[in-house]
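Presented below is the structure to which this report refers.
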Amino acid sequence: MNDDAMNKNTKGDVDIAVRSRLAFSSNAMQALYRLLAATLLCAVLASLSDVFLTENNILNVLRQTALLFLMASGLTLVILTAGLDLSVGANIALSACLSASVMKATGSASLGVATGIGCGTFIGLANGVLVTALRIPSFIATYGVMWMLTGLTYFYMGGETIHGFPPAFRQLGSGYLLGIPMPVYVMVLFLAIGTFFAQRTIWGQQVYAIGANPVAARLSGVPVHSRLVLVYTVSGAMAGLASLIILARINSAEGDIGENLTLPAIAAVLVGGTSLFGGSGTVMGTLIGALILTLVLNGMNLLQINASWQPLVTGVIVLVAVWISTLTRQSGE
Amino acid sequence: MRYLAIGLTAAVMFAAGAGLAANETIAVFTKNLTNPYFQAVRVGAEAAAKTLGVKVDQYIPTKPDSIPEQLSQVEDVIVKKPDAIVFIPVDYKALVPAVEKINAAGIPVVNITDRSAGGDFVSFVGADDYGIGLATATDLLKAMGGKGNVIILEGVKGALSNTDRVRGFNDALKEFPNVKLLASQPANYQRLQALQVMENLMQSFPTIDGVMAANDPMAVGAIEALEGANRKALVVGINGSKEAVELIKSGKLLASGDFNGFIQGCIGVEIAVRNLRKQPTPRELILKPAVIDTTNFSSYETPVEARTCPTLDQVASP
């Protein structure tokens, strides 16, 4: 590898390839552990509740998982680069409210969809520019953007609620195709796209490389800034998409619609085994993380756990899951 | 209407910034910009101020229900020395030191909506969460014919309003022994969470006849979940929001407990002004619980901006 004749770029590519192969096998193990944990959780819930394994409840859990996954999927790419997007919930709120008022004004579902995704994407792009061009740490940049978006949303809505959307639009959240809820199809589609992008494209591998070592990545010729702008834009676009699913499900929008959404999305990514330090994790892991968190809430409702205990149970699950991934990562190194 | 409200607030803020002191100035503290309830309080305060010929300055934390932000707003206001303050603490315990600072500065303060755990107030004006919970739940249980299965959707655990409302629900249930409480689960006052909790609970319970939600957004979430599963149940919420009134009109929501923010805003300012003008004021005024349902929703269809304040005498006489 210390061959002087070797072109810098080629060397970089080899480095990335080796690193990503290593990362991939460790990632695969991580995902496997998580799948086992989710299966174990299912077994426990099935033994405690006789309705847990009914077809209806399984579809119900999948539909709820889909929403959390969509919020967390774009965020996964951001965290893979060792960044963070704290504006997801606030982005969802503004995208949902703008989309809702466009739909209300025009009666057009497609204009509403375009507005929601457009708004989310634009916000993501702005995050990307703040992080790269202005070199503001992502934690701070997206934190600031979160406040700005929240303010804009409250100001725009002024305490009002918009409700009642076209039936065609509502299908996106509450419709079924061949007996399966629509959001589940959206989840599978984006799982496939996300996994393909991250594992099978050069750009995806560059995202891992940036997270593992940004300096090495830059020296190896990875266009760090444009890849960073890309991941923040994707995270924003996915928030825009998630906002549409939420709108379609609850049939209304209000200023605080994004409250309490960011932290569960981050939790899904972390429980899914992606490291906050970047460079390791998978989109599939995030899906399993979203599934675990959803199962916990579903299980607590089915078993009617007292309201006071529910946050505690969620907290313990998050800590245990992240602890396991720290252990497995250390043993893998 | 939304723009009108924003315009109004902006105008008030501008006036405050420019220091245009009209007669007496009353500083009004509310918890956030998001909940329509506090919007109604502010509109009520403005309406009363107009009638009484005083000026109102609004103080609202930009981050909803932020304790530090309201603390610093109180400090700012003490420096500006308004003639009186109408105060809703974002937290009934954490803001006690702030109230004590207002007391020390000698500014008279009227407490509305959430009763502060300490400090000296001219009076307290509030609706009674427990009474509203009880009345709203009783409305539902009667409509169910005094039998069947119900679910309670709780708000934020630890919030005083939630504790009292849920206690009201449970006490109403005691009067109807043939109604079974299937589950009481938290959805944190959020509609998406209510939707998902309801979806989960419907798996466990094939027959749900009634849902008691501790606020209107959760009631709406429950209605969406029921419709999505093609199931039917009677649903009640609390707040008497505009959305709730529309849903009662269309028959989707059975009833909503009225937490009349407009009247509380009106009466809060009126008592503050009466106190300044050395007129008698009550130490405490608890508005009678009212439930909006199909029999009376039409009187609530008038938007708050177009309503007129009742006088203290009207509200005080039973």
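Side-chain atoms are counted along with the backbone in the values below, which use heavy atoms only and exclude waters and symmetry mates. Every chain is numbered from 1, with letters handed out A, B, ... down the list of sequences.
Taking each heavy atom of A/L67 and B/Q196 in turn, the nearest pair found is CD2-NE2, 4.0 Å. B/L192 and A/L261 get closest at one heavy-atom pair: CD2-CD2, 4.1 Å. Of all non-hydrogen atoms in B/Q203 and A/V51, the two that sit nearest each other are O-CG1, 3.4 Å.
In summary, the side chains of A/N260 and B/N188 do not present any donor paired with an acceptor at a separation below 3.5 Å, with no hydrogens or angles considered.
Contacts between A/Q304 and chain B at a heavy-atom distance below 4.5 Å involve backbone atoms as well as side-chain atoms. Only the side chain of A/I246 comes within contact range of chain B, judged by heavy atoms closer than 4.5 Å. Interface residue A/Q64: backbone and side-chain heavy atoms are both found under 4.5 Å from chain B. With a 4.5 Å cut-off on non-hydrogen atoms, A/T54 touches chain B through its side chain but not through its backbone. Heavy-atom distances place no part of B/Y37 under 4.5 Å from chain A, backbone and side chain included.
Counting heavy-atom pairs under 4.5 Å between each of A/S49, A/G175, A/S252 and chain B puts A/S252 at the top. The residue among B/K157, B/R191, B/E227 with the most heavy atom pairs within less than 4.5 Å of chain A is B/R191. Here B/P64 is the residue among B/A40, B/G228, B/P64, B/G221 with the most heavy-atom pairs under 4.5 Å with chain A. Contacts with chain B were tallied for A/D256, A/T294, A/I257; A/D256 has the most, counting heavy-atom pairs under 4.5 Å. Chain A forms more heavy-atom pairs under 4.5 Å with one residue of B/Q190, B/M202, B/Q193, B/E154 than with any other, namely B/Q190.
The OH atom of A/Y154 lies 9.5 Å from the OG1 atom of B/T62; values are rounded to the nearest 0.5 Å. Between the CD atom in A/E160 and the CD atom in B/E243 there is a gap of 10.5 Å [rounded to 0.5 Å]. From B/S204, atom OG reaches atom CG of A/N301 across 8.0 Å, with rounding to the nearest 0.5 Å. Interatomic distance, B/I223 CD1 to A/N251 CG, rounded to the nearest 0.5 Å: 10.5 Å.
For the pair A/R170/B/E224, a side-chain contact is recorded, criterion being any heavy-atom separation below 4.5 Å from C-beta on. In this structure, the side chains of B/N200 and A/N60 come closer than 4.5 Å at one or more pairs of heavy atoms. You'll find the side chain of A/T161 stays beyond 4.5 Å of the side chain of B/K242, heavy atoms only.
Enclosure of atom OH in A/Y143 is not indicated, since only 12 or fewer non-hydrogen atoms of other residues, nucleotides or ligands lie within 6.0 angstrom.
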